[in-house]
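Please read these numbers as outputs of a predicted model, since none were measured by experiment.
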Amino acid sequence: MTIMHPWTPTSPVKLAPGRVAIPDFIVADTDCTGTAAEAAEVALIGEVLEPGGGAELIFKQHCYAAAGIRWYLLLEQEPLTLRLFRLDGDHYVEHTSAVGGEVLDVREPFPFRIDTASLPR
């Protein structure tokens, strides 16, 4: 798997014909550096919620779900919260979360841990 994260150029993701998104980070089944990833190749897609960015985020979430991307990770900055969502039908439901000072420790869609205390502010 290839992890594309906020501090490297993130590949665009083709969600549908004529619809491309540029998420804050992705984990894909193939190396999509320099090319657009197909939604089917994306194991997890993620966004960082900027203050006042809720409306755009809701629209992107809807598009990601419609494209069938099974896992969605949201980093909220205030208060610091990580929320992992899984696709349930045509919408996302919260799978697990961690607030500032806690560790997000998950087994699905693949094992990973994120210590919220280690995240840059």
Side-chain angles (χ1 to χ4, degrees):
M1 295 213 167
T2 300
I3 301 173
M4 304 294 292
H5 47 78
W7 44 92
T8 62
T10 301
S11 294
V13 177
K14 295 178 190 175
L15 301 175
R19 176 157 291 161
V20 175
I22 301 176
D24 289 320
F25 55 93
I26 64 172
V27 178
D29 290 331
T30 60
D31 183 1
C32 47
T33 305
T35 63
E38 297 291 334
E41 298 172 322
V42 176
L44 180 143
I45 198 160
E47 295 287 350
V48 177
L49 178 59
E50 301 288 336
E56 175 190 6
L57 187 67
I58 291 169
F59 177 72
K60 284 178 127 180
Q61 239 182 12
H62 172 75
C63 293
Y64 297 157
I69 297 173
R70 296 198 47 213
W71 295 91
Y72 173 79
L73 183 64
L74 175 63
L75 168 62
E76 297 175 43
Q77 296 182 8
E78 293 297 326
L80 181 60
T81 308
L82 284 170
R83 297 181 193 282
L84 179 64
F85 297 88
R86 64 178 164 72
L87 190 60
D88 184 11
D90 62 354
H91 65 282
Y92 289 106
V93 295
E94 190 168 311
H95 182 72
T96 190
S97 65
V99 297
E102 295 179 347
V103 174
L104 184 71
D105 188 2
V106 299
R107 298 291 155 242
E108 292 183 272
F110 43 83
F112 69 93
R113 291 173 47 99
I114 301 173
D115 182 350
T116 59
S118 70
L119 294 174
R121 294 287 177 149

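Note that CG of Asp115 and CG of Asp105 are 10.5 Å apart. Values are rounded to the nearest 0.5 Å. Annotation: the span from Ile69 atom CD1 to Leu87 atom CG amounts to 9.5 Å, rounded to 0.5 Å. Atom CG of Leu84 and atom CG of Leu44 lie 6.5 Å apart (nearest 0.5 Å). Note that CZ of Arg83 is 11.0 Å distant from CG of Leu104, once rounded to the nearest 0.5 Å. The NE2 atom of His91 sits 12.5 Å away from the NE2 atom of His62 when rounded to the nearest 0.5 Å. One distance of note links CZ of Arg70 with CD of Glu108; it measures 7.5 Å at 0.5 Å rounding.
Between Pro109 and Ala43 the shortest heavy-atom distance is CG-O, 4.3 Å. Nearest heavy atoms, Leu49 versus Glu76: CD2-CG, 4.0 Å.
Within the 4.5 Å cutoff, side-chain heavy atoms of Val27 are placed close to those of Phe110. The side-chain heavy atoms of Arg86 and Val93, taken from C-beta on, include a pair separated by under 4.5 Å.
For the pair Lys60 and Glu47, the salt-bridge criterion is met [side-chain N within less than 4.0 Å of a carboxylate O].
Val106 and Val103 are not part of a single hydrophobic cluster, where members link through side-chain heavy atoms under 4.5 Å apart.
Using bins of under 30°, 30° to 60° and over 60° for the plane-to-plane angle, the ring pair Tyr64/Tyr72 lands in the tilted bin. Note on ring orientation: taking the six-membered ring where Trp is involved, the planes of Tyr92 and Phe85 are perpendicular (angle over 60°, cut-offs 30° and 60°).
Thr116 places a side-chain N or O within 3.5 Å of a backbone atom of Gly101 that can act as its donor or acceptor partner.
The one candidate from Leu73, Leu119, Leu57, Leu75 that meets the side chain to side chain contact (heavy atoms under 4.5 Å, CB included) condition with Val48 is Leu75.
The environment of CZ in Arg107 is crowded: more than 12 heavy-atom neighbours from other residues, nucleotides or ligands sit within 6.0 Å.
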